[in-house]
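For reference, positions follow the sequence shown, starting with 1.
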Amino acid sequence: MTSSVVSTSPWSVFASSRTVHCIRPALVVRPQPSRPAGARQAACPRFLTLPGSGGNVAVLTGRDGKVMVDAGIEVSRRQMAAALEDLGPGPVTHLINTHWHFDHASGNQWLCELGPRIVAHENTLKHLATLQRVDDWDSDFAPLPPAALPMEVFQSDRTLALNGATLELRYYGPSHTDSDISVRFAEADILHAGDTYWNGVYPFIDHSTGGSIDGAIRAAEANLAAATDATIVIPGHGAPVSDRTGLLAFRDMLVSIRAKVAALKRQGRSLAETVAAKPTEEYDARWGGFVVGPALFTKLVYDGV
């Protein structure tokens, strides 16, 4: 893989400082009861996202403790711990990994010390338990310690009832990887799509563990089918709150670029020639400003068609 295709490492891009973003739409925030004059109002709603440590983390708080969707990067432990403490005194009781990648699951290594039940697809456990090589990152990822591995795994679907909410966990099939799941908070109509949706940026597709452009498109179609115009969508990367319009733009971008790259490959163009033809050009200004640039995304599509 040439430096013209991969210009930076995922570690340097994702290891950013932590910020906290509260989701505040009416469907999510329960109305606060009236309080006497001078009484303190609750600081945060029940559903939140915590962007800034790799993938966008979601947190559901309530009587059953804090329920996390994804763990972020292990090196941001200090910032993540402070953010979780700011949400109140409840313990972290459940942690759901949307897939195995380090920017979503390496935080398991410290969060496991808090004693949560870690839930994931069975392929997430398989990959986290063994050394993984991701060729398109030119990186090796060591297995997590046994205590940090998911202890509750499933093959297709799983439903959890926590904090008065129904959490629907669904396996996409091979898509961004072969381990991706969505988490839908049914009553609040919130969909955490993990890395099957990158909001406003080109996605990474991990061929090393079963991902492909066609699988990514199938997952995008599944997200559209699961969302309505009222659904709040949490992407794996990009601005942490989105909607069905964003999902549609993402799907359309994937389909269009796949068609262009496939046409060039059918003409016998090499990877270098395909990259030089700039099949992503009309989308680069909007989608090309993050870790996956136009050249790398073209390669990821080219390898899958």
Can you give each donor-acceptor pair under 3.5 Å made by side-chain atoms of residues 286-294, sequence neighbours left out, with the distance rounded to 0.1 Å?
none

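Side-chain contact of Thr209 with Asp178: a donor-acceptor pair under 3.5 Å is absent, judged by distance alone. Side-chain contact annotation: Glu168 with Thr166, donor-acceptor N/O pair under 3.5 Å absent. Side-chain polar atoms of Thr98 and Asp70 form a donor-acceptor pair below 3.5 angstrom. Asn56 and His237 share no side-chain donor-acceptor pair at under 3.5 Å. Checking Asp195 against Tyr197 by side-chain atom types alone, no donor-acceptor pair falls below 3.5 Å. Neither side chain, His127 nor His99, offers a donor N or O lying under 3.5 Å from an acceptor on the other.
The side chain to side chain contact (heavy atoms under 4.5 Å, CB included) test with Lys66 is passed by exactly one of Leu162, Leu114, Thr61, Asn163: Thr61.
Heavy-atom neighbours of Arg158 CZ from other residues, nucleotides or ligands within 6.0 Å: above the threshold of 12. Residue Asp157 qualifies as enclosed at atom CG: its count of foreign heavy atoms under 6.0 Å is above 12. Counting heavy atoms of neighbouring residues, nucleotides and ligands inside a 6.0 Å radius, atom CD of Gln155 does not exceed 12 of them.
Contact annotation: the side chain of Ser182 approaches that of Leu191 to within less than 4.5 Å [non-hydrogen atoms, C-beta and beyond]. Inter-residue side-chain proximity for Val255 and Arg251 is flagged as met; some heavy-atom pair is nearer than 4.5 Å. With contacts defined as side-chain heavy-atom distances shorter than 4.5 Å, the pair Val75/Met80 does not qualify. Proximity of Thr245 to Phe250: side-chain heavy atoms (C-beta onward) are nowhere separated by under 4.5 Å. Using a 4.5 Å heavy-atom cutoff, the side chains of Asp214 and Arg258 are in contact. Side-chain contact between Val233 and Asn223 is absent, with no heavy-atom pair separated by less than 4.5 Å. Between Val59 and Phe47 there is no side-chain heavy-atom pair separated by less than 4.5 Å. Two residues are said to be in side-chain contact when any heavy atoms from C-beta on lie closer than 4.5 Å; Trp100 and Asp206 meet this criterion.
Asn199 and Ala239 make their closest contact through ND2-O, 3.0 Å (heavy atoms, listed as atom of the first residue, atom of the second, distance). Nearest heavy-atom pair, Cys112 versus Ile118, reported as atom, atom and distance to 0.1 Å: CB-CD1, 4.4 Å. Residues Ile213 and Gly304 come closest through the heavy atom pair CG2-O, 3.9 Å. Arg244 approaches Thr228 most closely through the heavy-atom pair CB-O, 3.6 Å.
In this pair, Phe102 and Phe141 present their aromatic rings parallel. The plane angle is below 30°, not in the 30 to 60° band. Between His121 and Tyr171, the ring planes are parallel. Angles under 30° get that label, and only those over 60° would be called perpendicular.
In terms of hydrophobic clustering, with Ile, Leu, Val, Met, Phe, Trp and Tyr side chains grouped at heavy-atom distances under 4.5 Å, Tyr172 and Leu247 are assigned to different clusters.
The pair Lys260-Glu281 does not meet the salt-bridge criterion, since no charged nitrogen lies less than 4.0 angstrom from a carboxylate oxygen.
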Determine, stepwise, if the pair Thr280 / Tyr202 fulfils side chain to side chain contact (heavy atoms under 4.5 Å, CB included).
CA-CA 10 Å; Thr280 67; Tyr202 289 137; 3.4 Å; yes
Under the criterion side chain to side chain contact (heavy atoms under 4.5 Å, CB included), I'd like the reasoning laid out for Thr298 against Leu300: C-alpha separation, chi angles, the key distance, then a yes or no.
CA-CA 5 Å; Thr298 300; Leu300 296 173; over 6 Å; no
